[in-house]
Amino acid sequence: MTSLATEQTMSQTGRSVKLQRSIVIGFGLLAALLVLGTILVPGFISPRNARSILLLAAFLGLASLGQTLCAMVGALDLSIPYVIGGANILFPSLLVTGMPAWLAVIVVVLLGAAIGVANGFLSFRLQGQALIMSLGVGFAFVGAVQLYTSIGSDYGGTVFAPVPNWLRNFAAFNGKTFGLSLPPVVLVWLLITLATIWALYNTWFGRSIYAVGGSRTAAARLGISETKVWTSIHGISGAMSALTGVLLLGFSGGGFVGVGDPYLFTTVAAVVIGGTSLLGGAGGYGATVLGVLVLTVMTSLLVGLGLSFAAQQAIVGLLIVPMVAVYARTPHIRNQI
Amino acid sequence: MSQRFVPPLDRSLTVPLVLFGVLLVAAAVLSPRLFTATGVGGAIIVAAPLILTTLALTPIVMAGRGSVDLSVGPLMGFVNVTLIGWLSASGYTSPLAVICWVVAVGALYQLLQALIIIYVRVAPIIVTLSSFLVLSGLNLMVMSRPGGVAPDWMMTWGAGTTILSPVLIIVLAAFALWAVMRRTTFYSHLRMTGADERMAYTSGVKVDTVRICAHLLGGVFVGLAALSYTALISSGDPTQGSSYTLQAVTALVLGGANLAGGRGGALGSTLGALNMFLISYLLSAFSFGSVTGFVTQMAFGLILVASLLVNVFMTARRPAF
């Protein structure tokens, strides 16, 4: 970090102070939620509840990775729910054709990456309207997958196929890692998290994302290809969404295209609560992981209090603005000139 | 409308106009039923909620700061369920009460959003995102499943058998409101604020007032959208509103508006919404059986991608004037 500090301009130092503050607040919120949960909900602090929180956080965390990278350069990927839903029904329908499961995983994830790359490539010139392009690409993809899976079947949208046992163990609530009663997907998420955070700070690619998000002109002077960064982070987002879609099949046991729908707004909420600015240049995946945990623990607390899904949604929505207001207020216009 | 005041057609209207023409010709060939009095009447009642939600987004997006209001759909749903579940259920069913209610709820909610955006200074997309969550949740709490009945005087509206229906009057009233608004200084201030907020501020435009007015206007349109939506389904539905957000944003872009602000208008937004309607109408004219919905979704996506790309190439070949 010290060698980086010298490279940072004044404004970037300001942003990183803001980020530090958001991380401190995030940890504070997490602690407060845990204390509240312990007092209000019997059995809140139990291995069983911790396991379910971590499992749900892992899915949201994997889906939010691409969203974080996109937000860091000022884009939003709205195709995420559609790629998740598409992968969730495409994977079992590939299994039905007799394709080996490992190959099907690779095919689906690569297809997700390809959709993401196409998305990034098409939206690069649009910038301000990039989020709508990702929406269009998502619509087209999920429509095509549903067409493909419903050819020769009477019902579309839902696919019935036996889910392989290893995948069920991998992502289901009672999954085991080397005999330990923790679903392997949590471990995978942890590894991906560590790798991503390391890569963001220590590789040319990671630094390029910050550079492009901070100042396009400066990044271009440094010889960073904005197109390449933009396209590859969208590709990563597509691949991670497809992976999440496959893993969710192991969790739910049946393919359903609507499984990705809640992820459109929760991935954005996780990024925002973590403190990554949607305008680009600041933040990181570590912050999003914190946002994911805050969001999941809060949902678990609200479920524990017996609130309906509708009420949970309303409360999470109500809390986003004050949380963001604490550390992500834009300056008054007279101070922007 | 006197000719002097009609500005030359915006270049951004070329794509939606051409698409509209192509779709009309296709409809005339494939399903001429649309061009009968019943066909047009039905089209008006089905397309009206989308036209009006897209109109609601227009001034808010034009005000800039990337403020696409993601909550318009759920807000329309909220007005719909409170109209049926609270107002109608408590016996207030006179047309005056209903119209005052829909316009007031829409405008007040948008005022609240504008005040949060301006004084709490949180990015608009975050405010409207949390609005989306709050309202989607609230709608289900007001009414847990579709139900209830619209006031008696509204029941015949949904049939859509004549061209001159009350729903058409609602849409025309919205256009008239827009036409009046275009003559005011507010409109030029809105365009300036959207194009470059700092420049507008330094030249003395009260950008905060402009933003508040844009949201109020959008809120009135959301109220009218909810009125036509209630007429369409003749009841309350807490779930369908959300999908209108994505459709309205798509229609807005199809109509040539720039999501970054400054560019857009009622004509483009209406064309965009009509194009969306015609696409799903044409697709339903083909018989795709159980997969019609998927084909429609894919077609929406592909057409959205294509029209965005065409817009890019048009602006690239002929740089800004």
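All values derive from a computational prediction rather than experimental measurement. In what follows, chains are A, B, ... by sequence order, proteins preceding strands, each numbered from 1.
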| request: Pick one of side chain, backbone, both or neither for B:L304, based on which atoms fall under 4.5 Å of a heavy atom in chain A. | output: side chain
| message | Per the ring pair (Phe, Tyr, Trp, His ring centres under 6.0 Å) rule, what does the pair list look like for residues 117-139 of chain B, sequence neighbours excluded? | response | A:F265-B:F132
| query | Which pair of non-hydrogen atoms, one from B:M141 and one from A:A311, has the smallest distance, and what is that distance? | reply | SD-CA, 3.8 Å
| task | Apply side chain to side chain contact (heavy atoms under 4.5 Å, CB included) to A:R125 and B:L309, showing your working. | result | CA-CA 9 Å; A:R125 286 279 298 280; B:L309 287 179; over 6 Å; no
| query | Under a 4.5 Å heavy-atom cut-off, does chain A meet the side chain of B:I116, its backbone, both or neither? | reply | side chain
| request: Determine the minimum heavy-atom distance between B:M298 and A:L147, stating which atoms define it. | output: CE-CD1, 3.6 Å
| message | Minimum heavy-atom separation for A:A325 and B:V120, please, with both atom names. | response | CB-CG1, 3.6 Å
| Contacting region of A:F141 [heavy-atom separation from chain B under 4.5 Å] | neither
| task | Could you have a look at A:I132, A:V142, A:I320 and say which one has the most heavy-atom pairs with chain B under 4.5 angstrom? | result | A:I132
| remark: Across all chains, not counting sequence neighbours, the side-chain hydrogen bond (donor to acceptor under 3.5 Å, both in side chains) partners of A:S79 are A:D77, A:N119
| remark: Ranking B:L138, B:L129, B:V127 by heavy-atom pairs under 4.5 Å to chain A gives rank one to B:L129
| said: Give me the atom names and distance for the closest heavy-atom approach of A:F139 to B:Q297. | reply: CB-O, 3.6 Å
| request: Would you mind checking which part of B:V253 comes under 4.5 Å of any heavy atom in chain A, side chain (CB onward), backbone (N, CA, C, O), both or neither? | output: side chain
| field | chain A neighbours within residues 71-80 of chain B, where any heavy atom lies under 4.5 Å away | value | none
| Just wondering, are more than 12 heavy atoms of other shown residues or ligands nearer than 6.0 Å to CZ in B:F186? | yes
| query | If you look at every heavy atom in B:V305 and A:V137, which pair is closest and at what distance? | reply | CG2-N, 3.8 Å
| note | Note: A:G317 and B:S130 closest approach over all heavy atoms is O-CB, 3.0 Å
| query | Does any heavy atom of chain A fall under 4.5 Å from the side chain of B:I303, the backbone, both, or neither of them? | reply | neither
| note | Rounded to the nearest 0.5 angstrom, the CG-CD distance for B:L135 and A:Q313 is 10.0 Å
| said: Looking at chain A, which one of B:L246, B:L140, B:I125 has the largest number of heavy-atom pairs inside 4.5 Å, strictly under? | reply: B:L246
| Quick one: CD1 on A:I315 to CG on B:L133, what's the gap to the nearest 0.5 Å? | 12.0 Å
| remark: Turns out that what part of B:L252 lies under 4.5 Å from chain A's heavy atoms comes down to neither
| field | Residue A:L76 versus chain B: region with a heavy atom under 4.5 Å | value | side chain
| task | Could you grab the distance from atom CG of A:L264 to atom CG of B:L70, nearest 0.5 Å is fine? | result | 8.0 Å
| note | Bottom line for B:A200: the part with an atom under 4.5 Å from chain A's heavy atoms is neither
| With B:T58 via side-chain hydrogen bond (donor to acceptor under 3.5 Å, both in side chains) - residues at least two apart | B:S269
| B:T250 portion near chain A, given a 4.5 angstrom heavy-atom threshold | side chain
